[in-house]
Structure formats: structure tokens, C-alpha cells
Engineer: 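Below is one structure. I have some questions about it.
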Amino acid sequence: MREYEAIVIGGGSAGLAASVALHNEGVTDILLLERDQELGGILNQCIHNGFGLKVFKEELTGPEYAERYKDIFVEKNIPYKTNTMVISCDKNRIVEYANKDEGFVKIKGKAIIMTTGCYERNAGAIQLPGDRPSGIITAGTAQKYLNMDGYLVGKKVFILGSGDIGLIMARRMTLEGAEVLGVAEIMPYSGGLNRNIVQCLDDYNIPLYLNHTITSIKGKDHIEQIVLQEVKDFIPIKGTEKTFDVDTLLLSIGLIPEQSLAEKAGIILHSKTKGPMVDESYQTNIDGIFACGNALHVHDLVDFVSTESERAGKAAAQYIKRSDKNVGLSVNTIANKGISYIVPQTIHPKSIEQNLELFLRVDGVYQDMDLVIKSGEKEIKRYKKRHLAPAEMERIIIPKQWLVDINHDLEISLEAMK
Amino acid sequence: MFDVIIIGSGISGACIARECAKYQMNTLVLEKNIDVASETTLANSAIIHAGHDPLVGSLKAKFNIIGSRMYEQMSKELDIPYLKNGGMVVATNEEEIDHIKMLYDRGLANGLKKDEIALMEQAKVRQLEPNISDDVLMALYLPTTAITYPMEAAIANLENAMDNGVQLQTDAEVIDIKKNENYFEVYTSDKVYKTKYIINAAGLYAEKISDMVVPNYFKITPRRGEYLVLDKDVHVVSHVIYPVPSKKGKGILATPQYHGNLLLGPTSEFVQFDEMKQTSSKGLNDIKNNIKKSVKNIPFNKVIRTFAGSRPTPSTKDFIIEETMVKGFINVAGIESPGLSAAPAYAEYVVEELLVKNGDFKPNTSFNPIRKRVNRMNELSIDEKNILFKKNHTYGEIICRCEQVTKGEIIDSITRNAGAKTVVGVKHRTRAGAGRCQSGFCQVEVSKILAEYMHIPLENVLYQGKHSNIVKEKTKGETNERI
Ligand SMILES: Cc1cc2nc3c(=O)[nH]c(=O)nc-3n(C[C@H](O)[C@H](O)[C@H](O)COP(=O)(O)OP(=O)(O)OC[C@H]3O[C@@H](n4cnc5c(N)ncnc54)[C@H](O)[C@@H]3O)c2cc1C
Ligand SMILES: Cc1cc2nc3c(=O)[nH]c(=O)nc-3n(C[C@H](O)[C@H](O)[C@H](O)COP(=O)(O)OP(=O)(O)OC[C@H]3O[C@@H](n4cnc5c(N)ncnc54)[C@H](O)[C@@H]3O)c2cc1C
């Protein structure tokens, strides 16, 4: 069995950035495996603008952003295989992949970085009552049909869920001549970025129905009608039913890290992020297996995927060279009042290089709050925040010197502004 | 001129077709849908019941007992999923204990052997099923209860029938039947077929078909059952867990599925024809509330799917399996539960007793009873996989990530007899798209393979039903064209 220093599973922005970082650190015996026919991941189908504002300081389309990383990757001659699906990975870091040239092959990695991206929550997860006709499709699948293959899935569209992909597809399908009748969101706030609400719905007069859900689906073969209803505490309110004739229902009800490989390797997943639990080096509970990008937790901005993955790649390189686990005391990060999750879940204060990168999401929409980081009684930092929303991930960089002498868990919460 | 036309390709029509193939009978199966076996046979509990429940002396009892004994052999010949995991009817109070004791006697009277049925004390029940509800006091234990995959059971029978000469026409709804001197004319929207015998195995529509020949023979009312499906990693029970039956049927069951998911349901409700496949929030809530009576620790947040199917409940309360007063017209109707379990037995009865004894049919001496299912690459060792890959490189191309289904398997499922014609048809035959992401990733790829191997444009690829085209039109707009 061929043994590599590092195996990277998935060639999206996370996999590309992690591989480049590994290479920069002197790890060159890498193999990146990608199931699609080309590198770039989900970016390839995001032909809209809005990528790279943080990393490249300019607004790129998804494919353009991917191109920048692909160029560096190719320039470094990092070995990769496309059209190659990884089908298993075990705790001894033995990976099995398959493709149409080699068949089924097992290889081993000193380190493995999982960057398998995410998948879309679908109709099964939300139990839509009524008929089960065709024409109910996740927004990302519709996006793939449209942007990759040039086919429109429908002409009279309603969208359930206000996730970013749904919002972007509302605009995209409108531009292609479809009529988008509205977007229903069961929560009192949108699940997508504010800029997408403005640019994709408001600019096209597409109504966003907050506190609404779809309570009935009708259609013999293909979807014909939906019933929209207002909710209070998730319970539909009688008398608020509105009926729409449609030929397509797009679902944009959330993304979930793709972790079917991780589960089989015995990697412990977090109940909120649905991705692996990791430490500050993005290492999972299984020695030598790292995770980053949407496979770790779902990101709304690709720029954060890139920076996170560079760190993961660098940490994996160190692991390969030292081949020991982080030493010293470990503390947990605790999501307190107002916070829904924090990544990483554990940190080793002594092992932090220059600074610690924390990602978190809040559990509701807040204005003018303090985001407070504490360890035991000690307040480490207080940030003023004008606006916080679950759809917009927060990134916090904490310098190493603030953390060297902590010996309690790192607790983060929202407090009224001081 | 056909000897036999079978109307319907559910488990009834399919098993009968295979029995016909054992004789020199010129046989045709007509199915109104695009795919076979996509009505009641598609959406049910998938249990091969032991035979403890039907009333003594009924056709249900007779064919259930024989049928469930035939299943194991049939599943070996046809490579059908079959797992004898056993069942338990659980009692939670004195009245229910009396009821399972009554069922014990009924099971024996129906013909179950002493080692096929037993009353089991609480402690033993708990030991076998740690998640059984604390209220359960005693169980009726049924070791021969088994689970299968009904659609594949039907497909396998049809495929094997076709391998042995039977013909199948899908997208062919029978709209009229005319009786002539000594043959029938069977009308679909675009063709007329002549036949000596007709077997009406049209499930929920059997009344409609029967009325074309012998009006007002019986009535069929759809009785809907809704279900919740839980994710594969949920291991709550290993046996089929039945509550004590009520007047409304067998109640809400917890049934492990052959492919590893847990099934909760069915409800029982008389509905209109247009509501037969609809799920309702009431039904889904009833399932959650009622299952707790027999099983605890069910993670309802792991529900991945809901569905509904309807039983063709007959006015006569029993299966209607007989030649009518119109000679040559045979009803196989009112086939509600335990139809799936009983099918191999009544299929044999129909062909041996109602066809062969009346007509002059010689055995088909070249009949080959063996059918192999589509390979399941993810159940093979790496060496076995590579042997297949060396013969055919499409077995190295994985299309469905969640269930690890290769292009080779998908092509096989499309190109064999009684093959897939729709995206859902591929899913039912190969499990491509049946996993966690529910085809979010592979639907586009599966559609393209269907287009290629059926020689049709992508716009004509169907999801499931007749008008279920997945994409509406080709755009002229910008796409991220690949090289
Ligand atoms: C529709 C959409 C719109 C977005 N819009 C914006 C935006 O406007 N601006 C912005 O900054 N960000 C946006 N984002 C966010 C950002 O683009 C993504 O979060 C980021 O690209 C994810 O990168 P990734 O590498 O983690 O995942 P992916 O890009 O999904 O890459 C994962 C890769 O792994 C491969 N893979 C998975 N499993 C296997 C396996 N078993 N074997 C081999 N390969 C495998 C996949 O094929 C894929 O190529 C958007 C995201 C989406 C989905
Ligand atoms: C909720 C539920 C749970 C059940 N659980 C079990 C169980 O666990 N165990 C068990 O043994 N049984 C069970 N059953 C019963 C079992 O599913 C049925 O008895 C069995 O599937 C009936 O098969 P069939 O072939 O007679 O009918 P169907 O499967 O309905 O097939 C009839 C076919 O005829 C076709 N057709 C109809 N009209 C026409 C026409 N005019 N022209 C051409 N074709 C036509 C239909 O399209 C269909 O394909 C259950 C049933 C339900 C609804």
C-alpha cells in the first residue's frame, strides 16, 4: 500500500488552500482526491459575484475565486486525482478510493485532511405534508442543473427557506425568465446574508415571508400547488392560508457538513455544527485526521474557508514533521448565552502559534451587544457588536499572549452593551 | 393472441407472471405506470407476516401461512432481500394479554407449528429488545416473521418471468375490456390486445377493472397508512414490534427495514383516491404518539423521510381470488395485508388451479428459476470489487456518494428486463439517491445516465410519474461550460 505524507479528501476551496499550506511548509508528498471532474468544489457552480472581498480585496465570481487557488495549486505541482471518489477512511488513516482508471485502491496517509464540503438539507428532513410529486428540488441541485448544464428546472417557482443558495437562485431564475413567487422562512429572521436579501429579493420585488411555512403540497405527478401559512411558535395559524400555483418548489433550508466518511472513522461530531469536534489545529479526536471548510462547519464566506484551511494545512504539516499530538493543558470553548456554537471546541493554550482563530455563530438577531470572552473569572476581551445574526458567521482572532496562562474553559457570551 | 394478460405489475401480478412462465403460456403484463410495482407494493411495511393474525378459515390465513413458507426459497432463487428477524406482538395490560393468548391459539389453528409461535415473559422480551416500552408485560413471539424489500421482490419476479419469455408493457393503462365468443379484447389508449384469460391484479383499481367485465362484484376503498422513516444509524429494535391489534388493523409498528432504516407506522384511515399517497401532519403525529406505547428511546429528530401507501380494502373483508362467472376472467382483488406475504402462494394457486387445470398448458421445460440482482458494490470486498471493475470500468465510477453506487450498477438497472425508466426507478433498484442527501448530489448524474442509455434528451427524463420531467427547458443563458 502506497503511503503518503498527507492525503487531502476533497478539492474545493478548503482542500486547495490546505494543500497549498502543506506544500508551503515543506510537505510535498501529498495526494488530493476529488470526486468531481474538476477542482474547485461548490465554487464552480456559483457564477454570481461576491467572493474574495476579504482575501483578495476584490469582488470575484465563484469560478474566478477558485481559479486563483487552482493556479497556485497547479503551479506547485501538487499531485491530485479528479473523478475519484473516496469511499472510506478508517482510524488508522487508510483511505479507499475509486475511479474509472484504477478501480478500487487503498492508500495510507500520515495525516489526512477532510475537506468534503457539505450537503443540502432536503424534503425528508422537514416532513412536508401532502402529495409527494416531482418538482421539489434543493436549491443547490437546481443551481447545478442551471449553471453547469444549462437547464431550467421550472418557470413558476416558490422557495422554502431563506438560505443563501435559495436567495441567489431566486435572482438567477428570475433572470432566466422564471417567475419567483416568494420565499417562505419559518423563523422571524432570514437564514441568508443580508446583502443577498437586498440584491436577490428586494431588487426584484420578490416577497420574503418571515414566520411562514408551507403546510401542504398538491400535485399528482408534478407539483401543482402549495399552501403557505403564517406560524406562531412554529404552529401554523388557522385562517392565514395562501395558495400559490407553482411548477417548482426550491428548498433552501440549510446545509450540513458531509461527514459520512468521518463517522465511519470514529470521529466525534458536534451536535450543533454537525461537523467534527476539533482543537485549534483543526485536528479531530482521531490522531492525524484534520477537518476544515464546510466539512467542519458551514461557512457563508469562502474567504473564511480559505484562512481556516490554511491554518489546518499548516498544523497538519507540523503534525507530520513532529508526529505527536498537541501537548499541555487543554480547555474547552463554551458557547454561553446568545452563542449557538464555537469552532474549535477545544484548545491547547500552550500550543497556539501566534494567535487563535475562533469562529462562532449567534442564536438570534441582536443589535448593540457586547461579545464577551472569559476564562474563569478573568475577562479576556469584550467586543462591541452593532449587529449580529445567525446567518453571519463571526471570526475572532485572539493573540497568543492573552491565553498563555489561562487554565479554565474559554466561555463566550453576549451581554448588554456597557 | 395471448393466452394470458395480467393487469397490474405489483407483487400479485409479478408473482403470477413468474408462475405463468413455468408453462408454455403466451403471457403479457400490462401496467399503467411508467415503472412497475409503484403502487401499494411500493409503500408498505415490507413484512412477511408469520400468519398469526388473519381469521381462521379465511383466504388470507390460508395463503399467508403457505406464502411465508415459500418466501425463503423464492428469495434464494431470485436474490431478493430477505431477513428472518422475528416478530413480537407486545401486550401492555391484562386485556391485551388475553388478546395475545387468543392470537396464540389462532396462529396454531391457522397452521403455525409449535416452534413457530410462543408466549414470552417480560424479562425475556426485555433481554431481546432493551428498548421495549416499560409498560410491556408479555409478548407473542413469532420467530418466522421476516422482512423483505417488496418492490425488489416484484421486480425480481417480473424480470425472471421476462427472462423466461413473458412480455411486459408499461405506460399501458387498461381502459376497457370486451368479451367475445372465446376471447377478450383488452383496450389501452393506443392498442387492443386479444387474450384467452385475464387476470385482474390491479390493486386499488381492481374494482374498476372488474366492473368492465362483471359489474358490481365488489367494492374497493383505499385505506391509507402513513409512515416515518428514520436514519440508518438508529438502532432501536431488531424484531418487528407489533402492538396488540385493534379494530383498525395491526396498529403502529416499529419495523427495521432490510436496508437498515427504522420504519414507524402505518396509520389506518379510509381516504379518497386522490389522497392515497398524501401524508398529513395529523397522521405523522399519531405515529409519534402511538409508538411510545410499545417502544421507547426513539430519536424522532432522525426522521429522514415520510410516505404513505393505501390498502385496497374490499367490501368482502377477505381476498377475492377466483374465476368469475365470466369464464376466463379471474379476479385477484382486495389484496390488502398480508398480500405481500401471501403472494407466492396465491400466484401458484391461480396458475395451477385456475389456469392449468382448465386450459391445456404444457410445462416450460427450459424455465430457469434463477435471477441475480444488480451488484451491490458497497457490500463487496475490495478484491471482489476489482474483479468486477476489470471486466467493466464503469464499476469504478461512483455516482451516489451516500450509498456508494457505481455507474455500472445504474446502467445494469436500466438495461436489464423490467429495468428502470425514471430517476426514482433507478433509486429503488440501486439505492442511488436513497441516502442521507436524498440525491442532492447524484440526481443530475443519474438523469444524464438515463438519457444516455434510454437514448432520449435530458428534457424527457422523468422523475417518477408521466409528467414529472425534471428539467423544463434548455437555457441559452450563461453557464459555466466545461471544456
Ligand atoms: C450556493 C453557494 C453560494 C455561495 N455564495 C458565496 C458568496 O457569494 N461569497 C462567498 O464568499 N461565499 C459563498 N459561499 C460559501 C463558500 O463558497 C463555500 O463555503 C466554500 O466554497 C466551501 O468550500 P469547501 O472546500 O469547504 O467545500 P466544497 O467547495 O463543497 O468542496 C468540497 C469538495 O469535496 C469533494 N468531495 C466530497 N466528498 C468527497 C469524497 N468522498 N471523495 C472525493 N471528493 C469529495 C466535492 O466534490 C467538492 O469538490 C457560497 C456557498 C454556496 C454553496
Ligand atoms: C400501509 C400498508 C402496509 C402493508 N404492510 C404489509 C406487510 O407488512 N406485509 C404484507 O404482507 N402486506 C402488507 N401490505 C399489503 C401489501 O402491500 C399489498 O397486499 C400488496 O402490495 C398488493 O399488491 P398487488 O400487486 O395486489 O397491488 P399493487 O401493488 O397495487 O399493484 C397493482 C398494479 O396494477 C396497476 N394497475 C391498476 N390499474 C391498472 C390499469 N387499469 N391498467 C394497467 N395497470 C393497472 C397499478 O398501477 C399497480 O402497479 C400493506 C399494505 C399497506 C397499504
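Letters A, B, ... mirror the listed sequences (proteins, then strands); counts begin at 1.
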Engineer: Is there a side-chain contact between A:Ile87 and B:Lys385 (heavy atoms, below 4.5 Å)?
Structural biologist: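 Of all side-chain heavy-atom pairs linking B:Lys385 with A:Ile87, at least one is under 4.5 Å.
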
Engineer: Measuring from B:Ile382:CD1 to A:Ser88:OG, what's the distance to the nearest 0.5 Å?
Structural biologist: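 Answer rounded to 0.5 Å: 8.0 Å.
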
Engineer: At a heavy-atom distance under 4.5 Å, which candidate from B:Leu284, B:Asn469, B:Leu458, B:Leu462 has the highest pair count against chain A?
Structural biologist: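 Between B:Leu284, B:Asn469, B:Leu458, B:Leu462, the count favours B:Leu458.
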
Engineer: Does any backbone or side-chain atom of B:Thr394 lie under 4.5 Å from a heavy atom of chain A? Answer side chain, backbone, both or neither.
Structural biologist: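 For B:Thr394, there is no contact with chain A at all, as no heavy atom is under 4.5 Å.
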
Engineer: Quick check for you: among B:Gly408, B:Gly465, B:Gly283, B:Gly396, which has the greatest number of heavy-atom pairs under 4.5 Å with chain A?
Structural biologist: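 With the most close heavy-atom pairs to chain A, the winner is B:Gly396.
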
Engineer: Does the side chain of B:Val444 reach to within under 4.5 Å of the side chain of A:Met148, using non-hydrogen atoms?
Structural biologist: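 Result no, sub-4.5 Å side-chain heavy-atom pair not found.
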
Engineer: Test of understanding: with side-chain hydrogen bond (donor to acceptor under 3.5 Å, both in side chains), list the residues that count as partners of B:Ser9, not counting sequence neighbours.
Structural biologist: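 Applying side-chain hydrogen bond (donor to acceptor under 3.5 Å, both in side chains) to B:Ser9 gives B:Glu31.
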
Engineer: Mind listing the closest non-hydrogen atom pair of B:Val471 and A:Tyr145 along with its distance?
Structural biologist: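 Closest heavy-atom pair between B:Val471 and A:Tyr145: CG1-CD2, 3.6 Å.
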
Engineer: Give a yes or no on whether B:Glu379 atom CD has more than 12 heavy-atom contacts from other residues, nucleotides or ligands under 6.0 Å away.
Structural biologist: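 Enclosed.
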
Engineer: Nearest 0.5 angstrom please: B:Thr406 OG1 to A:Lys100 NZ, how far?
Structural biologist: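 Rounded to the nearest 0.5 Å, the OG1-NZ separation comes to 12.5 Å.
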
Engineer: Does any heavy atom of chain A fall under 4.5 Å from the side chain of B:Leu228, the backbone, both, or neither of them?
Structural biologist: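 The answer is the side chain of B:Leu228.
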
Engineer: Give a yes or no on this: more than 12 heavy atoms of other residues, nucleotides or ligands lie within 6.0 Å of atom NZ of A:Lys108.
Structural biologist: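 Atom NZ in A:Lys108 is crowded, with more than 12 foreign heavy atoms closer than 6.0 Å.
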
Engineer: If you count every heavy atom of other residues, nucleotides or ligands that lies below 6.0 Å from A:Ile237 atom CD1, does the total exceed 12?
Structural biologist: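 Yes.
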
Engineer: Where does B:Asp383 contact chain A at under 4.5 Å (heavy atoms): side chain, backbone, both or neither?
Structural biologist: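 The answer is neither part of B:Asp383.
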
Engineer: Given a strict heavy-atom distance threshold of 4.5 Å, which part of A:Leu128 is in contact with chain B: side chain, backbone, both, or neither?
Structural biologist: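 A:Leu128 touches chain B through backbone heavy atoms alone.
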
Engineer: Hey, what do you get for CD1 (B:Ile470) to OG1 (A:Thr248), rounding to the nearest 0.5 Å?
Structural biologist: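 Here the interatomic distance stands at 11.5 Å.
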
Engineer: Relative to chain B, which segment of A:Lys218 carries a heavy atom at a distance below 4.5 Å: side chain, backbone, both, or neither?
Structural biologist: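 Neither part, no heavy atoms under 4.5 Å.
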
Engineer: Taking side chain as everything from C-beta outward and backbone as N, CA, C, O, which of these in A:Val105 sits under 4.5 Å from a heavy atom of chain B? Side chain, backbone, both or neither.
Structural biologist: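 The backbone, not the side chain.
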
Engineer: Kindly check if the number of other-residue, nucleotide or ligand heavy atoms within 6.0 Å of NZ (A:Lys70) is above 12?
Structural biologist: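 Yes, because the 6.0 Å sphere around NZ of A:Lys70 holds more than 12 heavy atoms from other groups.
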
Engineer: Checking B:Glu275 against chain A: side chain, backbone, both or neither under 4.5 Å from a heavy atom?
Structural biologist: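 For B:Glu275, neither part sits under 4.5 Å from chain A.
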
Engineer: Given that the side chain runs from C-beta out, which part of B:Lys448 has a heavy atom under 4.5 Å from chain A: side chain, backbone, both or neither?
Structural biologist: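 Contact with chain A is through the side chain of B:Lys448 alone.
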
Engineer: With a 4.5 angstrom heavy-atom cut-off, is it the side chain or the backbone of B:Met377 that approaches chain A, or both, or neither?
Structural biologist: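 For B:Met377, the side chain is the part near chain A, not the backbone.
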
Engineer: If every non-hydrogen atom of B:Lys466 is compared with every non-hydrogen atom of A:Asp221, which pair is closest and at what distance?
Structural biologist: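 The answer is N-OD2, 2.7 Å.
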
Engineer: For B:Phe273, what residues pass the ring pair (Phe, Tyr, Trp, His ring centres under 6.0 Å) criterion, not counting sequence neighbours?
Structural biologist: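 B:Phe273: ring pair (Phe, Tyr, Trp, His ring centres under 6.0 Å) contacts with B:Tyr205.
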
Engineer: Check whether B:Asp274 gets within reach of chain A through its side chain, its backbone, both or neither, counting any heavy atom under 4.5 Å.
Structural biologist: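 The answer is the backbone of B:Asp274.
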
Engineer: I need the minimum non-hydrogen distance between B:Thr306 and A:Arg132, along with the two atoms involved.
Structural biologist: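 Minimum heavy-atom separation between B:Thr306 and A:Arg132: O-CD, 3.5 Å.
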
Engineer: With a 4.5 angstrom heavy-atom cut-off, is it the side chain or the backbone of B:Ile304 that approaches chain A, or both, or neither?
Structural biologist: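 Answer is backbone: N, CA, C or O of B:Ile304 sit under 4.5 Å from chain A.
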
Engineer: Relative to chain B, which segment of A:Asn83 carries a heavy atom at a distance below 4.5 Å: side chain, backbone, both, or neither?
Structural biologist: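 For A:Asn83, neither part sits under 4.5 Å from chain B.
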
Engineer: So, taking the atom named CD in A:Glu263 and the one named CG in B:Asp233, what distance separates them when rounded to the nearest 0.5 Å?
Structural biologist: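 Rounded to the nearest 0.5 Å, the CD-CG separation comes to 6.0 Å.
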
Engineer: Under 4.5 Å heavy-atom distance to chain B, tell me which part of A:Cys118 shows up: side chain, backbone, both or neither.
Structural biologist: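 For A:Cys118, the contact with chain B is made by the backbone alone.
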
Engineer: Between B:Cys402 and A:Tyr119, is there a side-chain heavy-atom distance shorter than 4.5 Å?
Structural biologist: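 No, every pair of side-chain atoms sits at 4.5 Å or beyond.
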
Engineer: For A:Thr141, does its backbone N or O pair with a side-chain atom of B:Gln443 as donor and acceptor, under 3.5 Å?
Structural biologist: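 Flag not set: sc B:Gln443 to bb A:Thr141 has no pair under 3.5 Å.
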
Engineer: Examine whether an atom of B:Phe307 lies under 4.5 Å from a heavy atom of chain A, and if so say whether it belongs to the side chain, the backbone or both; otherwise answer neither.
Structural biologist: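 It is both, since atoms from each part get that close.
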
Engineer: Which one, A:Ala142, A:Gly130, A:Ser134, A:Ser260, leads in non-hydrogen pairs under 4.5 Å with chain B?
Structural biologist: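 Heavy-atom pair counts peak at A:Gly130.
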
Engineer: Is it the side chain or the backbone of B:Lys277 that comes within 4.5 Å of chain A heavy atoms, both, or neither?
Structural biologist: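 Backbone of B:Lys277 only, per the 4.5 Å heavy-atom cut-off to chain A.
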
Engineer: Just wondering, do B:His467 and A:Lys220 contact through their side chains at under 4.5 Å, heavy atoms?
Structural biologist: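 A:Lys220 does not reach B:His467 side chain to side chain.
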
Engineer: What part of A:Glu258 gets closer than 4.5 Å to chain B, counting heavy atoms only: side chain, backbone, both or neither?
Structural biologist: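 Contact with chain B: side chain only.
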
Engineer: Can we say B:Lys472 and A:Glu176 salt-bridge, meaning some charged N sits less than 4.0 Å from an Asp/Glu carboxylate O?
Structural biologist: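 Looking at B:Lys472 and A:Glu176, the cut-off is not met.
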
Engineer: Can you tell me how far CD1 of A:Ile223 sits from OH of B:Tyr463, rounded to the nearest 0.5 angstrom?
Structural biologist: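 That separation rounds to 11.5 Å.
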
Engineer: Give a yes or no on this: more than 12 heavy atoms of other residues, nucleotides or ligands lie within 6.0 Å of atom NZ of A:Lys264.
Structural biologist: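 Atom NZ in A:Lys264 is crowded, with more than 12 foreign heavy atoms closer than 6.0 Å.
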
Engineer: Considering all heavy atoms of both residues, which atom of B:His393 and which atom of A:Asp101 are nearest to each other, and what is their separation?
Structural biologist: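 The pair with the smallest heavy-atom distance is NE2-O, 4.4 Å.
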
Engineer: To the closest 0.5 Å, what do you measure between CZ (B:Arg401) and CG (A:Leu261)?
Structural biologist: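 Output value for this atom pair is 8.0 Å.
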
Engineer: How close do B:Ile398 and A:Met85 get, counting heavy atoms only, and between which atoms?
Structural biologist: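 Taking every non-hydrogen atom into account, CG2-CE, 3.5 Å.
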
Engineer: Give a yes or no answer on whether the side chain of B:Asn386 reaches the backbone of A:Phe104 with a donor-acceptor pair at less than 3.5 Å.
Structural biologist: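 Such a contact is found between B:Asn386 side chain and A:Phe104 backbone.
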
Engineer: For A:Arg35, which atoms come within 4.5 Å of any heavy atom of chain B: side chain, backbone, both, or neither?
Structural biologist: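 Side chain only.
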
Engineer: Measuring heavy-atom distances to chain B, does A:Asn122 have an atom under 4.5 Å in its side chain, in its backbone, in both, or in neither?
Structural biologist: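 Interface part for A:Asn122: side chain.
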
